[in-house]
Amino acid sequence: LPTNKLVCYSPWSLVKDYVEDGSYEGLSIYPNPSITGDFWIQTSEDLYGAEISVYDLLGRLLYMETVNEFTTAKKVSLTSYTGSTFIIRVKNAVYSKAKRVFVIQ
């Protein structure tokens with residue numbers, strides 16, 4: 001091998017069965033918990049006219065954004081909000097899911 005060239009080798013891994021997380025329910029928010037307060041939101045279906053809402057544990061609306069085409073992952077930053085636990089909800093006319101997220105401070 002020429003110098004200054006890295007090569008990596010590892011043996012083949014065993015085949016693993018895919019098992020879907022039952023709590024997923026078509027809405028993925030990651031990383032959870034987050035150390036930065038930034039979260040990425042993905043849905044298993046493309047959504048149109050979707051609303052992303054963030055609430056604190058007292059039910060107060062902290063943030064809301066309307067997404068015309070929810071076809072890729074969307075970033076939500078909660079860095080300017082105090083607290084460590086929030087509820088993020090994604091909904092449109094035919095879809096509504098919510099997940100609890102945590103910020104480690």
Enumerate donor-acceptor pairs with a distance under 3.5 Å from any side-chain N or O in residues 38-49 to protein atoms, sequence neighbours excluded.
{"unit_1": "D38", "atom_1": "OD1", "unit_2": "S77", "atom_2": "OG", "d": "2.7"}
{"unit_1": "Q42", "atom_1": "OE1", "unit_2": "Y30", "atom_2": "OH", "d": "3.1"}
{"unit_1": "T43", "atom_1": "OG1", "unit_2": "E45", "atom_2": "O", "d": "2.6"}

Is any side-chain heavy atom of V90 less than 4.5 Å from a side-chain heavy atom of E51?
no
How long is the straight-line distance from OH of Y55 back to CE of M64, given to the nearest 0.5 Å?
8.0 Å
Closest non-hydrogen atom pair, A50 against N92
CA-CB, 3.9 Å
For a 4.5 angstrom cut-off between non-hydrogen side-chain atoms, does I87 reach V54?
no
Can E65 and V67 be said to form a side chain to side chain contact (heavy atoms under 4.5 Å, CB included), step by step?
CA-CA 6 Å; E65 173 186 1; V67 180; 4.1 Å; yes
Quick one: list whatever passes side-chain hydrogen bond (donor to acceptor under 3.5 Å, both in side chains) with D56, sequence neighbours left out.
R60
Greater than 12 external heavy atoms within 6.0 Å of K99's NZ
yes
Mind listing the closest non-hydrogen atom pair of Y81 and L62 along with its distance?
OH-O, 3.0 Å
Give a yes or no on whether I104 atom CD1 has more than 12 heavy-atom contacts from other residues, nucleotides or ligands under 6.0 Å away.
yes
Just so I know, are the side chains of S53 and L61 near enough to count as touching, which here means a heavy-atom distance under 4.5 Å?
yes
Treating Ile, Leu, Val, Met, Phe, Trp and Tyr as nodes and any side-chain heavy-atom pair under 4.5 angstrom as an edge, say whether L57 and L78 lie in one connected cluster.
no
From R89 atom CZ to I52 atom CD1, the distance as rounded to the nearest 0.5 Å:
12.0 Å
side-chain contact (heavy atoms from CB on, under 4.5 Å) partners of K97, counting only residues at least two apart:
E25, L27, Y95
